[in-house]
Amino acid sequence: MRLPESGGASAELVGPADPAGPSEPARPAVAPEPAEASSEASSEPDAAGGLPRIVVGTRRRWVVGLAALGLGQGALGAVGAWALTQLRPELWPLVVAVLSIVATAVAVGGLRVEERIVAERLGQDYVRELRRELVESELTPGGSTHLGITVARTTNDLASVRNWVSQGIGPLAAGIPLIAGSAVGLTVLDPFLGIGFLLPLAVLAAVMVPWARTAYLKSRRLRRARGRMATRIADTVGASEGIIAARGAGRELDHIDSASADVVDRAVDRSVTVGALRAGGTVAALLATLAVAAVGVVRGLDPTVTVAAMAMAGLASTPIVDLGRIVEYRQTFLAARAVLVPALADAARRRAEHDRASSAAASADLPDGADVPGRVHLVLPGLVPDGAPLSAGPGARIRLVGDDTGDGAGAPLRLMRRVVGLDLAPAGTTDEIWVAGQNLRAVAPSDGRALVGLATRGTVFERGTLRRALRYRRPDLDDATADAVFEAVGLDVGRFPDGPRTVLRAGGEPLTVDERARLALARAVYGEPPLLLVADLDRDLDEEGRDRLAALLAAYPGAVAFTGSDELARALDAEELRVASAPVPVTPDGRTPDADE
């Protein structure tokens, strides 16, 4: 079946190439553009937890530094204890001893400040890496995580991770050497002092094991409740216009109050265990100091030695008090990890599947005739019949229709998503997409985005200026080209005080629906890619915009595949192509499951 020619160009559904006919050898795949070099060595996921390793690269040096800071505090504590033993009633010895004690205390304070800084740096650096991986998982084809869950993961869950790394691992790295050094110092003074100091710590360790398990379970229940609340809030905010119009704000607020009440109840329930954990650390620190004092009295040690021992135990009391909080942070982290690990594993699976599909498609042979300048050749299993690939030349106008939805937009839209890489080919099959002789799955991203332009109804734009939104596909083109395209689609950027430098927020504000559609069209045609895909854009345009859309598509030099009204199809004298209706898998209750709900 041959489509009508437009400007000497043609589009057709053709069968497989004659196996006896000439063919070109497969073109070598072009490696993707390398990611921006990082100053840190990339951390591989650990085998047990599935998250990136913490102690790697620069972070390894920071952990070692924290341990050194802990040892330094222990050494200063020993110096302070020694100074206490040098107190004499004479003036100068007294002055020297007091000044030594004060200097030691100030130095310990300085090391504590540095410990907090290094620990925070450690936590923030790790969370930055993890945040990038989470966002990358949402930018991987095939993802369908709810917006509320994504927000919860990149805020609450990452806060739990940061707390564990910066206020858990950090204090442990510094605190363990300090506690161990104090125990050694006390044992040197008198072995029974060391035993008395360590005994409360042993009891604390024993009782924290069951408390930690309970804290983990309650943290899991709390984060599930937070996830449900986040999804409900996101859904409510997204549907705010309809809710206001239907006077349903009160009902939705009641639903949110109910979800919030669940969060409150579970948070309060968790606070009982968390309070016990923190109280355990405080009690253990107090008992350790009192035990040292009691041993000194019972053993009849010199009072100066007992005072020095109490000072050393008191210095170690801070990390002991922190132990309860550290265990709390650990259990909260484990609860967050139980969700983050499957999410990152799913993203890794989707990336591997995408790489496999791209690699398979990149090895395909160039079909006969597909190297004609501006020619488009599409083999999309499940959408386009295997034996009849879509082949279109420059100037072709193809209206895509389907029978799987009321307006026929479902299957055609899936075709467009497959072309640009938003969806993957069904398992066991391979897409072959050739545009102007280039294998779209083999070229570098900078080349691929120059080959295909996509404009869809309801496009959501990234945060940035108007000019950046237009040039997003082709940042290599100059400003003069951008101004010409703005004028071609009828987008009056002069009505904004900052003109093309106006910053778009919340998906496209302050643009109207009509202006967003014009901007989507402008981005798609910018640079005149050989293949232009337009999905129901006329529905978002006013009458003048629809006329301009028809005129622009009629004069477009490349091949155009679109969905839209009958009027637009008649204006373009377009050939109609029916797209296969592949079933979309759903759960028995008709929704996509989310582990966080």
Side-chain angles (χ1 to χ4, degrees), residues 135 138 143-157 222-267 405-407 409-410 413 455-466 469 489-493 495-498 502-523 535-546 549 563-565 584 586-587 589-594 596-597:
V135 176
E138 295 305 310
S144 59
T145 306
H146 192 285
L147 175 61
I149 295 300
T150 300
V151 172
R153 287 175 180 170
T154 53
T155 53
N156 290 339
D157 288 342
L222 174 59
R223 77 154 317 284
R224 287 196 188 100
R226 284 175 174 167
R228 286 192 293 270
M229 181 180 68
T231 56
R232 179 168 291 279
I233 291 175
D235 288 342
T236 301
V237 173
S240 58
E241 291 186 1
I243 293 171
I244 294 172
R247 305 295 192 270
R251 281 176 289 170
E252 297 306 317
L253 289 175
D254 289 342
H255 288 312
I256 291 177
D257 282 343
S258 177
S260 299
D262 190 26
V263 172
V264 170
D265 291 341
R266 297 191 181 198
T405 60
D407 57 7
L413 185 58
T456 63
R457 180 189 183 197
T459 298
V460 177
F461 295 96
E462 62 287 335
R463 188 181 183 92
T465 65
L466 262 172
V489 300
L491 182 56
D492 180 18
V493 297
R495 81 174 186 87
F496 303 104
D498 295 328
T502 299
V503 177
L504 301 182
R505 300 178 176 86
E509 295 179 358
L511 301 181
T512 64
V513 172
D514 173 78
E515 289 172 331
R516 294 186 194 195
R518 293 174 189 258
L519 180 58
L521 178 62
R523 173 189 280 190
D536 292 326
L537 204 62
D538 52 335
R539 295 189 182 187
D540 283 352
L541 293 168
D542 58 21
E543 184 175 355
E544 191 275 339
R546 290 191 291 272
L549 172 65
T563 59
S565 64
V584 178
V586 294
T587 58
D589 59 358
R591 70 178 181 89
T592 301
D594 196 315
D596 289 345
E597 295 190 32

Contact summary for [X] and [Y], nearest pair of heavy atoms:
X: Arg546; Y: Leu541; value: NH1-O, 2.7 Å
X: Ala520; Y: Ala455; value: O-CB, 3.6 Å
X: Ala225; Y: Arg266; value: CB-CD, 3.8 Å
X: Ala517; Y: Asp540; value: CB-CB, 3.7 Å
X: Arg516; Y: Phe461; value: O-CZ, 3.5 Å
X: Arg232; Y: Ala259; value: CD-CB, 4.5 Å

Side-chain donor/acceptor of [X] to backbone N/O of [Y], under 3.5 Å:
X: Arg518; Y: Val489; result: yes
X: Thr456; Y: Ala535; result: no
X: Asp514; Y: Gly545; result: no

Can you establish whether the number of heavy atoms outside Glu543 located under 6.0 Å from its atom CD is more than 12? no
Do Leu504 and Pro510 have side chains that approach each other closer than 4.5 Å (heavy atoms only, starting at C-beta)?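 Side chain of Leu504 against side chain of Pro510, heavy atoms only: contact under 4.5 Å found.
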Residue pair Leu466, Leu519: steps toward the side-chain contact (heavy atoms from CB on, under 4.5 Å) verdict: CA-CA 8 Å; Leu466 262 172; Leu519 180 58; 3.8 Å; yes
Calculate, to the nearest 0.5 Å, the distance between atoms CG and NE2 belonging to Leu253 and His255 respectively.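 The distance works out to 10.0 Å.
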Distance (rounded to the nearest 0.5 Å) between Phe496 CZ and Thr465 OG1: 12.5 Å
Between Asp262 and Arg224, does a salt bridge (charged side-chain N to carboxylate O under 4.0 Å, His left out) hold up when you go through it step by step? CA-CA 10 Å; Asp262 190 26; Arg224 287 196 188 100; over 6 Å; no
Determine, step by step, whether Val503 and Asp498 satisfy the side-chain contact (heavy atoms from CB on, under 4.5 Å) criterion, reporting the C-alpha distance in whole Å, the side-chain angles of both residues, the deciding distance to 0.1 Å, and the verdict. CA-CA 8 Å; Val503 177; Asp498 295 328; over 6 Å; no
